[in-house]
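Notes to accompany the following structure.
In what follows, chains carry the letters A, B, and so on, assigned in the order in which the sequence lines appear, proteins first and then strands, with residues in each chain numbered from 1. This is a predicted model, so every value here is computed, not measured.
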Number of protein chains: 2
Amino acid sequence: MTYPSLPHDHGQNEMKLLERIPADESFITLSDIFSQLGDESRLRIFWILCHCEECVINISSMVNMSSPAVSHHLRQLRAGGLITSRRNGKEVYYKAADTEKTRLLHSMIESLMEIECPEK
Amino acid sequence: MTYPSLPHDHGQNEMKLLERIPADESFITLSDIFSQLGDESRLRIFWILCHCEECVINISSMVNMSSPAVSHHLRQLRAGGLITSRRNGKEVYYKAADTEKTRLLHSMIESLMEIECPEK
DNA sequence: TTAACAGTTAAACAATTATTTAATCGTTGA
DNA sequence: TCAACGATTAAATAATTGTTTAACTGTTAA
């Protein structure tokens, strides 16, 4: 079996690696997840919602943002499956989704904080 | 000691949580890291460089992009401390940085792929 | 020393994305 | 039912970001 070759052959079996490379779809899926957390405000909101369930007004107050701006971010986080919501009377409560994905992301965030932001 | 209060009191000690919330700087640092991986092309390049050391031309060929575009992304990944480079003759080789941060990110990517992209 | 090759940089453009303001929707209690 | 409140949506703007093209830098070998 022959493979289309790369411009340079550095003799480390790049072609074999290319056989194992995940599908485009996988990279799109994962980069979408990382994009969610790639915004400072959204990361902060997600961190908060990993630790408590809150209504929009309180989230807005905690992160010092207007409620439309927060709503916008909550919408994205929910579309991405990172948070869930429930209405109770006039208020809508948000919290981190109870999934393997969010548990992994949360523990990763805490680990990265320890590694990259000690004593903060 | 008294705390400034939130608009609504849902009786779950949000104020105590606010005492533990990481500094702005920490969220900025982490969201910068996630932004790096929030771009599909950059995530693919980082994945490749976690598995092999490669020159720019080969990376460009592997991800089907122009070398200026790849160079642009490599520059960002290097500025973020995710990859390192060394020149050898006419070529510059890149690979994932050998740090706790990159090991964590790499293992996280592989875990997320398993959870979110099974069989791909 | 100069031509060819590998890589980077810069400027311009295109596209995406975050935030604001204003309007709207849904729920509750007067 | 209607006023007040919480939340969402829409449109507009501002800002950021990715890609292209072209010019440029560094290295090697003829």
Side-chain angles (χ1 to χ4, degrees), chain A residues 5-10 14 24 27-28 31-46 48-49 53-80 82-95, chain B residues 5-10 14 24 27-28 31-46 48-49 53-80 82-95:
Chain A
S5 59
L6 294 175
H8 292 180
D9 179 9
H10 301 311
E14 298 92 347
D24 287 1
F27 286 114
I28 293 174
S31 62
D32 280 348
I33 294 173
F34 288 126
S35 290
Q36 295 285 332
L37 305 178
D39 178 81
E40 187 201 337
S41 305
R42 227 155 29 226
L43 180 62
R44 187 181 282 106
I45 291 170
F46 181 68
I48 289 171
L49 296 179
E53 185 180 40
E54 245 342 315
C55 66
V56 178
I57 280 203
N58 275 3
I59 299 170
S60 302
S61 168
M62 291 167 102
V63 301
N64 258 311
M65 290 177 74
S66 68
S67 51
V70 168
S71 211
H72 176 73
H73 288 305
L74 291 172
R75 184 192 165 99
Q76 289 186 63
L77 288 169
R78 189 175 50 188
L82 269 63
I83 63 175
T84 58
S85 64
R86 68 179 174 92
R87 181 178 274 273
N88 186 321
K90 285 190 267 188
E91 297 168 357
V92 176
Y93 291 89
Y94 286 87
K95 66 173 179 181
Chain B
S5 60
L6 293 176
H8 292 180
D9 179 6
H10 301 310
E14 298 91 347
D24 288 0
F27 286 113
I28 293 173
S31 61
D32 280 347
I33 294 172
F34 288 125
S35 290
Q36 295 285 332
L37 304 177
D39 178 80
E40 186 200 339
S41 305
R42 232 162 17 234
L43 179 62
R44 186 180 283 107
I45 291 170
F46 181 68
I48 289 171
L49 297 179
E53 186 181 39
E54 243 346 313
C55 66
V56 179
I57 281 203
N58 276 2
I59 299 170
S60 302
S61 167
M62 291 167 101
V63 301
N64 258 312
M65 291 177 72
S66 68
S67 51
V70 168
S71 210
H72 177 73
H73 288 306
L74 291 171
R75 184 192 166 101
Q76 289 187 63
L77 288 169
R78 189 174 52 190
L82 270 61
I83 63 174
T84 59
S85 65
R86 68 179 173 92
R87 180 178 274 275
N88 187 321
K90 284 189 268 187
E91 298 169 355
V92 176
Y93 292 90
Y94 287 88
K95 66 173 178 180

Classify the side-chain pair B/R78/B/S85 by whether it contains a donor and acceptor separated by less than 3.5 Å. yes
Practice task
Assign A/H72 to base, sugar-phosphate, or nothing according to its heavy-atom contacts below 4.0 angstrom with the strands shown.
Solution key: base
- Item | Under-4.0 Å side-chain N/O to phosphate OP1/OP2 contact, B/Y94 with C/dA6 | no
To the nearest angstrom, the CD1-P distance between B/I28 and D/dT16 comes to 13 Å
query = Can B/R44 and B/E40 be counted as an ion pair, charged N to O under 4.0 angstrom?
reply = yes
Between D/dT9 and A/R75, is there an OP1 or OP2 to side-chain N/O distance shorter than 4.0 Å? yes
Does the side chain of A/S66 get closer than 4.0 angstrom to OP1 or OP2 of C/dT19 through an N or O atom? no
CA sep, side-chain torsions, deciding dist, call: A/Q76, A/L74, side-chain contact (heavy atoms from CB on, under 4.5 Å): CA-CA 5 Å; A/Q76 289 186 63; A/L74 291 172; over 6 Å; no
Verify side-chain contact (heavy atoms from CB on, under 4.5 Å) between B/I83 and B/K95, making sure each step is shown before the conclusion.
CA-CA 5 Å; B/I83 63 174; B/K95 66 173 178 180; over 6 Å; no
Among D/dT19, C/dT20, C/dC5, the one nearest any side-chain atom of A/A69 is C/dT20
Tested for side-chain contact (heavy atoms from CB on, under 4.5 Å) against B/L82, the lone hit among B/L49, B/I45, B/L37 is B/L37
Out of C/dG7, D/dG18, D/dG6, minimum distance to the side chain of B/H73 belongs to D/dG18
*asked:* With a cut-off of less than 4.0 Å, is there a side-chain N or O of B/Q76 near OP1 or OP2 of D/dT17?
replied: no
Winner on side-chain proximity to B/I57, out of D/dT8, C/dG7, D/dG18, is C/dG7
query = Side-chain N or O of A/S41 less than 4.0 angstrom from OP1 or OP2 on C/dT19?
reply = yes
5'-most contact on DNA chain C (nearest-nucleotide basis), B/S67 vs A/S35, goes to B/S67
Against the side chain of B/S71, the closest entry in D/dT27, D/dA7, C/dG7 is C/dG7
The residue, A/R42 or A/G89, whose nearest nucleotide of DNA chain C is more 5′ is A/R42
Rounded to whole Å, CG of A/L74 lies from C1' of C/dT19 at a distance of 14 Å
Here the distance between atom P of C/dT17 and atom CD of A/Q36, to the nearest Å, is 10 Å
To the nearest angstrom, the NZ-C1' distance between B/K90 and D/dT28 comes to 5 Å
Considering only heavy side-chain atoms of B/P68, the closest of D/dA7, C/dG7, C/dT8 is C/dT8
Any A/H8 side-chain N or O less than 4.0 Å from OP1/OP2 of C/dA6: yes
To the nearest angstrom, the CD1-C1' distance between B/I45 and D/dG18 comes to 12 Å
- prompt: According to a strict under-4.0 Å criterion, is B/R87 in side-chain N/O contact with OP1 or OP2 of C/dG7?
  reply: no
